Amino acid sequence: MQAQIKTIKEKAIHEIEKTEDLKILNDLRVKYLGKKGELTLILRGMGALSPEERPIIGSAVNKAKEEVEALIIEKEEKLEQQELNKKLQEETIDITLPSTKIVRGSKHPVNRVIEEIEDLFVSMGYDVEVGPELETDEFCFERLNLPKGHPARDMQDSFYITNEYLLRTQTSSVQARTMLKNTEKTPIRMICAGKTYRREDDATHSHQFSQVEGLVVDYKERNVSLADLKGTLEVFVKRLIGENLDLRFRPSYFPFTEPSYEVDVTCFKCSGKGCPLCKQTGWIEILGAGIVHPNVLRMNGYDPDKFSGFAFGTGLERLAMFKYGITDMRYLYTNDVRFLKQFDRKD
Ligand code: DAH
C-alpha cells in the first residue's frame, strides 16, 4: 500500500509539473485530492486494513495529499503570475506610438467663397438674407418684371414642379422677398447666397449651381447711382479675387434692371493677354448688374418716386474658380477629397 501511495504521488507530481494550464491543474486537484480522487479513495479503503496499519497508511496518505496540495498551490500561483504578466505586457500602451488619425472633412471651395463674400458685405453694412430653393413662379419671375409669357423667361430653362412651383433659377427671387418682408419700407442692403437650378447640363453648365445676389434700395435723395454700383463691385471682386484685376462694364439686358450691365473681369489664366479660356478676349464675364427697374420697386411695395437702388448677381462656382485658379468646373462637383483638401491651406 505504501508503494501504491508513492506511485500515485509521483504520478501526481509529474503531471503537476508538466502542466502549464490552470484549468488542467484544477482537474488534477480533483483527480487526486477530490472526493473521488485517487488518494482520497485509499483513505476510504482503509477499513480493510489492520488496526496497526491504519495510522501508518493514514498518515502516509495525508502527507502525500499535503505535498500534492502544496505543489498544486505553488504551481497555481506561478501560472497565475505568468498569465498576469502576459496580460500586462499585451495591454501596455506605448505612448510614443503615433495616434490614429481622425480624418476630417474640408470646407468646399464654394462655401469658402460664400463665407468670405458674406464677411465682406457685412463689413459694408449689408444684411445676409436667405430664401427657399423651391420657389414660386411669382417670386422667381413675376415680381421681377417677368410676367407669364415674357420672352426673357427663355433665358433661364427652369425645373417646374407644378405650374406654380419651380426650383429657383436665380437668387434674384430673394430681392422681391426682402422688399415685401420689409413692411416699414426702409432702405435695404442685402446679399443672399445659395443654390440655384436650371435645366441645362453640358461641358460648361451644371443643372445645379450657386449664386449670390445683392440688392441696395435707398431714398431717392441719397442718389444711389451707377457709380456706387461700380465702386461696390470693384471692392467685391478685388477683395475676393485680386487687387490687380480690372473690371469692364458692358451694356446688357435683364428684365429687373434698367440700365443693365454684364461685368467682365481680367482673365485669370492669361492676365488679359488672350487665351482659349477667355476666347482670346482677355476678359471673362462674371456678373450681371444694373439699376433696379421701377416696376420691380413698385411691385414689391417701394414707390419708385421715393426710392432707387442697384442690384447684382453672380455665379459662385466661377468666382471660386477665379479665386483658386481652378481650370475645370467639374472638379467642384466630383467630391474628390484630394482636390477639396488642398484649399485647407489657402485661407
Ligand atoms: N439673376 C441673373 C442671372 O441669373 C443675374 C443678375 C443680373 C442678377 C442682374 C441681378 C441683376 O441682380 O441686377 O442671370
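Basis for what follows: all heavy atoms, side chains included, without hydrogens, waters or symmetry-related copies. These figures come from a predicted structure and were not determined experimentally. Counting convention: from 1, in listed order, for ligands and their atoms alike.
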**Asked** Hey, would you say the Y219 and F307 ring centroids sit under 6.0 Å apart?
**Response**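 Yes - the distance between ring centres of Y219 and F307 falls below the 6.0 Å cut-off.
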
**Request:** Determine whether the aromatic ring centres of F236 and F121 lie less than 6.0 Å apart.
**Result:**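 For F236 and F121, the ring centres are under 6.0 Å apart.
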
**Prompt:** Between the candidates G288, G290, A311, S260, which shows the shortest non-hydrogen contact distance to atom 7 (C) of ligand 1?
**Reply:**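 Ranked by closest heavy atom to atom 7 (C) of ligand 1, first place is G288.
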
**Message:** Please state which option from P255, G313, A289, S252 has its nearest heavy atom closest to atom 5 (C) of ligand 1.
**Reply:**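 Nearest option to atom 5 (C) of ligand 1, by heavy atoms: G313.
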
**Asked** How about E213 and S172: does a side-chain donor come under 3.5 Å of a side-chain acceptor?
**Response**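 Indeed, the side chains of E213 and S172 share at least one donor-acceptor pair under 3.5 Å.
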
**Asked** Does Q211 reach ligand 1, in the sense of a heavy atom lying below 4.0 Å from it?
**Response**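 In this structure, Q211 qualifies as a contact of ligand 1 - some heavy atom is under 4.0 Å.
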
**Asked** Applying a strict 4.0 Å limit to heavy atoms, is R198 in contact with ligand 1?
**Response**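 Under 4.0 Å: yes for R198.
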
If you have a sec, work out which protein heavy atom is nearest [atom] and how many Å separate them, to one decimal?
{"atom": "atom 1 (N) of ligand 1", "value": "Q170 OE1, 2.8 Å"}
{"atom": "atom 12 (O) of ligand 1", "value": "E213 OE2, 2.5 Å"}
{"atom": "atom 11 (C) of ligand 1", "value": "F256 CE1, 3.5 Å"}

**Request:** Would you kindly confirm whether M299 and L215 end up in one hydrophobic cluster when ILVMFWY residues are joined by side chain heavy atoms under 4.5 Å apart?
**Result:**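 No, because M299 and L215 fall into different hydrophobic clusters, even though each may have its own neighbours under 4.5 Å.
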
**Message:** With heavy-atom distances below 4.0 Å as the criterion, list the atoms of ligand 1 near Q175.
**Reply:**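 Every atom of ligand 1 under 4.0 Å from some heavy atom of Q175: 12 (O).
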
**Request:** Heavy-atom contacts with S172 under 4.0 Å: which atoms of ligand 1 show up? List them by number with element.
**Result:**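 Counting atoms of ligand 1 from 1, those under 4.0 Å from S172 are 1 (N), 8 (C).
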
**Pairs where residues 54-64 contributes a residue and the test side chain to side chain donor-acceptor pair (under 3.5 Å) is met, not counting sequence neighbours** =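 Side chain to side chain donor-acceptor pair (under 3.5 Å) check on residues 54-64 returns no pairs.
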
**Asked** Can you tell which of K18, E17, E10, K11 makes a side-chain contact (heavy atoms from CB on, under 4.5 Å) with H14?
**Response**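 Result: among K18, E17, E10, K11, K18 is the only option passing the side-chain contact (heavy atoms from CB on, under 4.5 Å) with H14.
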
**Carboxylate-amine/guanidinium proximity below 4.0 Å for R248 and E262** =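 E262 and R248: not salt-bridged.
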
